[in-house]
Amino acid sequence: MAKRQLLVTAALPYANGPIHLGHLVEYIQTDIWVRFQKLRGHRCLFVCADDTHGTAIMLRAAKEGRSEIELIAETQQEHERDFAGFGIAFDHYGSTNSDENYELCKQFWASLRAAGLIVEREVSQLFDATAGTFLADRFVKGTCPRCKSPDQYGDNCDKCGATYSPADLIDPVSVHSGATPEVRSAPHLFVELEQLHAFLAEWTQSGEHLQTEVANYLKGHFLGEPLRDWDISRPAPYFGFEIPDSPGNYWYVWFDAPIGYIASTWQWCKQHGEDLNDWWKNPETEIHHFIGKDITYFHTLFWPGMLKTAGFTLPTKVHIHGFLNVAGEKMSKSKGTFIKAETYLQHLDPAFLRYYFASKLGPRLDDLDLNMDEFVNKINADLVGKVVNLASRSAKFAARTGLAEKYPDDGGLFKQAAAAGEDIAAAYEHCDYAKAMRLIMELADRANPYVENAQPWVLAKDPARTGELQAICTAALNLFRQLVVYLAPVLPRLAEQCGELLGEKIEHWSQSQEPLLGKSVNAFEHMLARVKKEDVDAMIEDSKEKEACSTSTPEVVGSGAVSGASDPWKDSAEPLQAEPLAETCSIDDFVKVDLRVARVLSAEHVPEARKLLKLTLSLGGDVQKTVFAGIKAAYEPEALVGRLVVCVANLAPRQMKFGLSEGMVTACGPGGAEVYLLSPDSGAKPGQRVH
RNA sequence: GGGCCAGUAGCUCAGUUGGUUAGAGCAGGGGACUCAUAAUCCCUUUGUCGCGGGUUCAAGUCCUGCCUGGCCUACCA
């Protein structure tokens, strides 16, 4: 087989938070692929780095009263510790805040300028004079200019769906300081990506570089119309690199982040006396990016465009995966399913998660689900019961005899499993780890009955039959070792332990093709402990507690912080953080809103609507209102009929696709299935005003 | 509304270019063994292959319409 040269990257984690299990899907997926390629004898370099620039880092550092440099150094240390804990073996882990990255950014920039892709335009943006910074759209809140809903973000209204610029908001407020921002205009630099349209259409649609569903997505959503200019600069103050020919302006974090892939490679090259061009300007080198579906846009349009313009090698493949759900739902801090890497490692063996993810990961970008019962079962049944059991049931005997000189008749098992190697390798190569694990476990399923039939424990009692015993154990341990070679990309620690047991390191895929003979066998030591459900439960419990106390402090915006000392409920600070307090309003402002108790007379599904229920409310007497409420995911219509709710009774009626909505019912919660209607205490009567 | 994916045993899934009687693991039931981490082994129950049409000698597999779920996107709130 021709030796390939591969450069592999995983997405750069942002230096603004800890690694959690969702991140680890990607790093484990990538690490397995890299280990597989190395095991196959290819030259493979795995680089990554912390993504360190941008407004979020700058503001957090300010809030914590320290420098950005200090913050990103500390975060990077934590990230590297967590990755090491899960056996993610980067060849180099850098930072986007490096000299090499700045140097490369300048090169890319010069190329973009030379190609005539950069244009300058004035952009009006809200400016927070208190915090001294321009405000990205999501850092401004205010009242929607169209439907007058309060507390909307600066780019669009999640009540009426209007899109607008933050300057259009009524009574805008900076999320950072609570100050009223002012409109300031500043020159911004844009990349005219449309000039590369033909190239990007060809590159994305060639069928070679992207999963088909991704190619279709891009075709349908972006490439069908002119590509929009990309605003690539941010005015000072901004934590990042200043643009050399545009003083006072900084490259937007998404410009320098992917360049960090190259910068990290360069740092490795410097340390190892290699030439960067051999990796990034060499058509023989394959470049593979592993990313999550949320950053598809950047890696499949901007990034290839930048690489093409600057004369670097384009990615051979961009491998895109889905998100992680836990117990069938999005990870939730309050439910303890938002599990940090660090927390996991306090309770469970990283090998478990590596194997579990491997058994679930396919080549598509479907989301995957971490189901705790399945997790426990898979580890115990597959790894402990099937694979490791082969060694633990035969190694004790074999320690006495050593491995035979000649491989015994095992009914063709070793040969069959060796022949399966190419299928397993192909599954790894195509990122179909679920298939690879399935194939490997099929082999394991055949190995245990062999031992069962051979009854080594009977032979062990008869000294005259030591030769037979040795033969059986030689087969059993070789079948075990063969499985471990196939599993080595997923379970590197198990591969090491197998190497220690049999006195020969596992270093190459080809070791699965020939049995190991004539070696002594060391004393068997436990390789994997069974997973206990209690440990899993404890981890989840721990994730809940951690969250409750860790968020009470500095990040709460505008909190008159409740003292934590006498708070027996330990309510999380998350909801308030997710939606900071609105600007102070006067009593006069408040009385404009006429809240009334209302009884739900009827509630029905609106067949064409995804989120809406149609409610008929009574305000007493014969006053009724029809209201469309976005609570379909949370409530069954039948359950609402007869109950009292609080409605906004003087809201301007609004024509919706499905009819006229004459008010709204009050509810709280993040949305989706988590919506909680307000109810008055018993005794309230429809029509009464809420004061 | 548009795009993509999925729907096969109680659960998780396999099923290659259409080709015998649709499979595996787990769970359930019965038994065996005791080398092994209450591990293992043998036997065993369960299927309108989401639904309806069509192509074909032959459809889980191909085509088409529909239903359900997921993700994305848009619109409307």
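In the text below, chain A, chain B and the rest are named by the order of the sequence lines, each starting its count at 1.
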Interatomic distance, Leu501(A) atom CG to Arg481(A) atom CZ [nearest 0.5 angstrom]: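 So the gap between those two atoms works out to 11.0 Å.
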Taking atom types as modelled and ignoring hydrogens, do the side chains of [X] and [Y] form a donor-acceptor contact shorter than 3.5 angstrom?
X: Thr616(A); Y: Thr626(A); result: no
X: Arg446(A); Y: Gln416(A); result: yes
X: Gln29(A); Y: His321(A); result: no
X: Asp382(A); Y: Tyr355(A); result: yes
X: Asp294(A); Y: Tyr297(A); result: no

d([atom1], [X]; [atom2], [N]) in whole Å:
X: Arg228(A); N: rU73(B); atom1: CZ; atom2: C1'; result: 12 Å
X: Asp382(A); N: rA39(B); atom1: CG; atom2: P; result: 14 Å
X: Glu213(A); N: rC4(B); atom1: CD; atom2: P; result: 10 Å
X: Tyr433(A); N: rC13(B); atom1: OH; atom2: P; result: 19 Å
X: Lys378(A); N: rA39(B); atom1: NZ; atom2: C1'; result: 19 Å
X: Gln211(A); N: rC5(B); atom1: CD; atom2: P; result: 12 Å
X: Lys461(A); N: rC33(B); atom1: NZ; atom2: P; result: 12 Å
X: Arg364(A); N: rC72(B); atom1: CZ; atom2: C1'; result: 15 Å

Over all strands shown, is [X] touching base, sugar-phosphate only, or nothing at heavy-atom distances under 4.0 angstrom?
X: Phe397(A); answer: sugar-phosphate
X: Lys293(A); answer: sugar-phosphate
X: Arg530(A); answer: base
X: Leu390(A); answer: nothing
X: Val451(A); answer: nothing
X: Met527(A); answer: base

For [N] versus [M], give the span between their [atom1] atoms, rounded off to a whole number of Å.
N: rC11(B); M: rG3(B); atom1: C1'; answer: 31 Å
N: rA32(B); M: rU17(B); atom1: C1'; answer: 44 Å
N: rU8(B); M: rC49(B); atom1: P; answer: 11 Å
N: rA36(B); M: rC41(B); atom1: P; answer: 16 Å
N: rU46(B); M: rG25(B); atom1: C1'; answer: 15 Å
N: rA24(B); M: rU37(B); atom1: C1'; answer: 25 Å
N: rU12(B); M: rA6(B); atom1: C1'; answer: 14 Å
N: rG28(B); M: rU73(B); atom1: C1'; answer: 44 Å

List, with names and distances, any nitrogen or oxygen atoms from the protein found under 3.5 Å away from nitrogen or oxygen atoms belonging to nucleotides 41-45 of chain B.
residue: rC41(B); atom: O4'; partner: Glu452(A); partner atom: OE1; Å: 3.3

Is_stacked (His526(A), rU37(B)) at 5.5 Å, 30 deg: yes
Side chain to side chain, Leu361(A) and Val25(A), heavy atoms closer than 4.5 Å: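 Heavy-atom side-chain distance check passes, below 4.5 Å.
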5′-ward residue of the pair Ser394(A)/Leu365(A) relative to RNA chain B: Ser394(A)
Pairwise 5' ranking along RNA chain B for Arg438(A) and Phe524(A), keeping only the more 5' one: Arg438(A)
Minimum-distance nucleotide (side-chain atoms of [X] versus [options]):
X: Val388(A); options: rC35(B), rU37(B), rC26(B); value: rU37(B)
X: Asn389(A); options: rC26(B), rA14(B), rA36(B); value: rA36(B)
X: Tyr217(A); options: rC72(B), rC35(B), rC4(B); value: rC72(B)

Exercise: identify the closest heavy-atom pair between Ala529(A) and Phe352(A): O-CZ, 3.2 Å
Could you tell me the Watson-Crick or G-U partner of [N], where both distances fall under 3.5 Å? Say none if there is no partner.
N: rA36(B); result: none
N: rG1(B); result: rU73(B)
N: rC26(B); result: rG10(B)
N: rC66(B); result: rG50(B)

Any residue meeting ring-ring contact (aromatic ring centres under 6.0 Å, His included) with Tyr450(A), in chain and number order, not counting sequence neighbours: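 ring-ring contact (aromatic ring centres under 6.0 Å, His included) list for Tyr450(A), sorted by chain: empty.
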N/O (side chain, Lys360(A)) to phosphate O (OP1/OP2, rU12(B)) under 4.0 Å: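 No, because none of the side-chain N or O atoms of Lys360(A) sits under 4.0 Å from OP1 or OP2 of rU12(B).
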Centroid-centroid under 6.0 Å between Trp33(A) and Tyr428(A) rings: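 For Trp33(A) and Tyr428(A), the ring centres are not under 6.0 Å apart.
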